[in-house]
Amino acid sequence: MEANNDRRVTFHRLHASGCFVMPNPWDAGSARALEQMGFKALATTSAGFAWSLGCADNQITLDQALEHLREIVAAVNVPVNADFEGGFAVDPEHVAANVKLAAATGIAGLSIEDSTGDAASPLYDFDLAVARIRAARRAIDESGTGIVLTGRSEGFVCGRPDIDETIRRLRAYSEAGADCLYAPRIDNAEQVAAVVAAVAPKPVNLLINAPFMTVAEAAALGVRRISVGGTLARTAWAGFLNAAKEIADSGTFSRFDRLPNVDAVFRDR
């Protein structure tokens, strides 16, 4: 318990100044490897975890998600932020109950997003979306854990790439108690700068899932936190799928050349 409290204090401190990268492992092994590279915090990826179970993103259950959070927290000594999707509920009270369960896993932070999964109406109604963030804030306060709450607006993910509406929602989530704000899939300096300015002085998380910006460039725009979502998991899947396809299609093994000594990563841990 004391160790988890220390990690939460550290996580808050990381958000206070500067810019840090918080990459996204999908299992205990990838988490440990990233920690050994010197990253100061990690974040789960709902997509990467789902793929490891043979599921598409947003198809895992609440119980599976909670067990995964416990596994990642136990695997490393750095703060872990939870990709908690939409809180595994629609109603704010149910979101609050699930957030309390997540907070008890030892995580240092948690995000709640506003996408519905319904293509016809992909974002929750504005008032409901704000109420869900407010409920998550209350749940964290009642838990006494002090974990960092990130409010996510998913318009650029789910086909509603309206920067003005995104900013309107992020500002409202900030006022409802979010500690950090996040608009995944914004992908140019103008959008990033607009979001940072709109919610200042609160920190902004930037998703970099394509090489459109460097850490130094993001930091210069005022970004405090960078994550990569499921992109590290997709790079791993790319290597696996391409090698397996070559074997299946041509019976050759050319991709088995110059591979890393993975065992050495963990031998001296």
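Numbers here simply count residues along the sequence, with the first being 1.
Interatomic distance, Q191 CD to I186 CD1, rounded to the nearest 0.5 Å: 6.0 Å. Atom OH of Y173 and atom CG of L149 lie 11.5 Å apart (nearest 0.5 Å). Distance CZ/R138 to CZ/R134: 9.5 Å, rounded to 0.5 Å. Here the CZ-CG distance, from R7 to L14, works out to 13.0 Å after rounding to the nearest 0.5 Å. Between the CG atom of L123 and the CD atom of E113 there is a distance of 10.5 Å, given to the nearest 0.5 Å. For the atom pair CD1 of I72 and OG1 of T44, the computed distance is 7.5 Å after rounding to the nearest 0.5 Å.
The hydrophobic cluster around Y124 extends to V90, L128, counting ILVMFWY residues whose side-chain heavy atoms fall within less than 4.5 Å of a member.
Using a 4.5 Å cut-off between side-chain heavy atoms of Ile, Leu, Val, Met, Phe, Trp and Tyr, with links allowed through other members, L53 and L232 fall into the same hydrophobic cluster. The hydrophobic cluster containing L34 does not contain L207, counting ILVMFWY residues as joined when their side-chain heavy atoms lie under 4.5 angstrom apart, directly or transitively. The hydrophobic clustering, which links ILVMFWY residues whose side-chain heavy atoms are closer than 4.5 Å, places L66 and W26 together. Under the 4.5 Å side-chain heavy-atom criterion for Ile, Leu, Val, Met, Phe, Trp and Tyr, W51 and L42 are members of distinct hydrophobic clusters. Cluster membership for M22 and F39, using ILVMFWY side-chain heavy atoms within less than 4.5 angstrom, is not shared.
Proximity of H68 to T105: side-chain heavy atoms (C-beta onward) are nowhere separated by under 4.5 Å. No side-chain heavy atom of N209 sits under 4.5 Å from any side-chain heavy atom of V228. Within the 4.5 Å cutoff, the side chain of E217 has heavy atoms near those of the T214 side chain. The side-chain heavy atoms of F156 and P184, taken from C-beta on, include no pair separated by under 4.5 Å. You'll find the side chain of V215 reaches within 4.5 Å of the side chain of V21, heavy atoms only. Proximity of E154 to P122: side-chain heavy atoms (C-beta onward) are nowhere separated by under 4.5 Å.
Environment of CZ in F240: sparse, with no more than 12 heavy atoms of neighbouring residues, nucleotides or ligands closer than 6.0 Å. For H94, the NE2 atom sits in a loose shell: 12 or fewer heavy atoms of surrounding residues, nucleotides or ligands are nearer than 6.0 Å.
With no hydrogens or angles considered, a side-chain donor-acceptor pair links D83 and S46 at under 3.5 Å. T252 and S254 share no side-chain donor-acceptor pair at under 3.5 Å. Defined by atom type and a distance below 3.5 Å, a donor-acceptor pair is missing between the side-chain atoms of S17 and R224.
With hydrogens and angles disregarded, no donor-acceptor distance shorter than 3.5 Å links the side chain of N24 to the backbone of G230. A donor-acceptor pair under 3.5 Å is absent between the side-chain atoms of D114 and the main chain of A129, judged by distance alone. Checked by atom type and distance alone, the side chain of N205 never pairs as donor or acceptor with a backbone atom of Y182 at under 3.5 Å. When atom types are taken as modelled, the side chain of S174 and the backbone of L170 share no donor-acceptor pair closer than 3.5 angstrom. Side chain of S121 to main chain of D118: no donor-acceptor pair is present (N/O by atom type, distance under 3.5 Å, no hydrogens or angles). A donor-acceptor contact shorter than 3.5 Å links the side chain of R137 to the backbone of G177. Under a 3.5 Å cut-off, the side chain of K202 and the backbone N or O of A178 do form a donor-acceptor pair. Between the side chain of Q59 and the backbone N or O of A56, at least one donor-acceptor pair lies under 3.5 Å. R8 places no side-chain N or O within donor-acceptor distance of the main-chain N or O of A3, the cut-off being under 3.5 Å. A donor-acceptor pair under 3.5 Å links the side-chain atoms of R132 to the main chain of A89, judged by distance alone.
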Query raised in the report: Between L181 and R171, is a side chain to side chain contact (heavy atoms under 4.5 Å, CB included) present by the stated rule, with each step listed?
Result: CA-CA 8 Å; L181 291 309; R171 281 176 170 161; over 6 Å; no
Requested in this report: Output, in order, the C-alpha distance, side-chain angles, deciding distance and verdict of side chain to side chain contact (heavy atoms under 4.5 Å, CB included) for K40 and V78.
Outcome: CA-CA 6 Å; K40 297 177 181 179; V78 296; 5.8 Å; no
Query - Stepwise side chain to side chain contact (heavy atoms under 4.5 Å, CB included) check, I112 with T150 - result: CA-CA 6 Å; I112 296 292; T150 298; over 6 Å; no
Query raised in the report: Yes or no on side chain to side chain contact (heavy atoms under 4.5 Å, CB included) for N4 and V73, after CA distance, side-chain angles and deciding distance?
Result: CA-CA 9 Å; N4 288 337; V73 168; 4.0 Å; yes
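With respect to R160 and E165, no salt bridge is recorded, no charged nitrogen being found less than 4.0 Å from a carboxylate O.
Here the closest non-hydrogen pair linking L62 and F84 is CD1-CZ, 3.7 Å.
Taking the six-membered ring where tryptophan is involved, the planes of F253 and F256 are tilted, since the angle between them lies from 30° to 60°.
Figure legend: cation-pi geometry between R32 and F266 absent, as NZ or CZ is not positioned both under 6.0 Å from the six-membered ring centre and within 45° of its axis.
A ring-centre distance under 6.0 Å is found for F20 and H15.
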Donor-acceptor pairs are to be reported for all side-chain atoms of residues 193-201 against protein atoms at under 3.5 Å, with residues two or more places apart or in another chain.
none

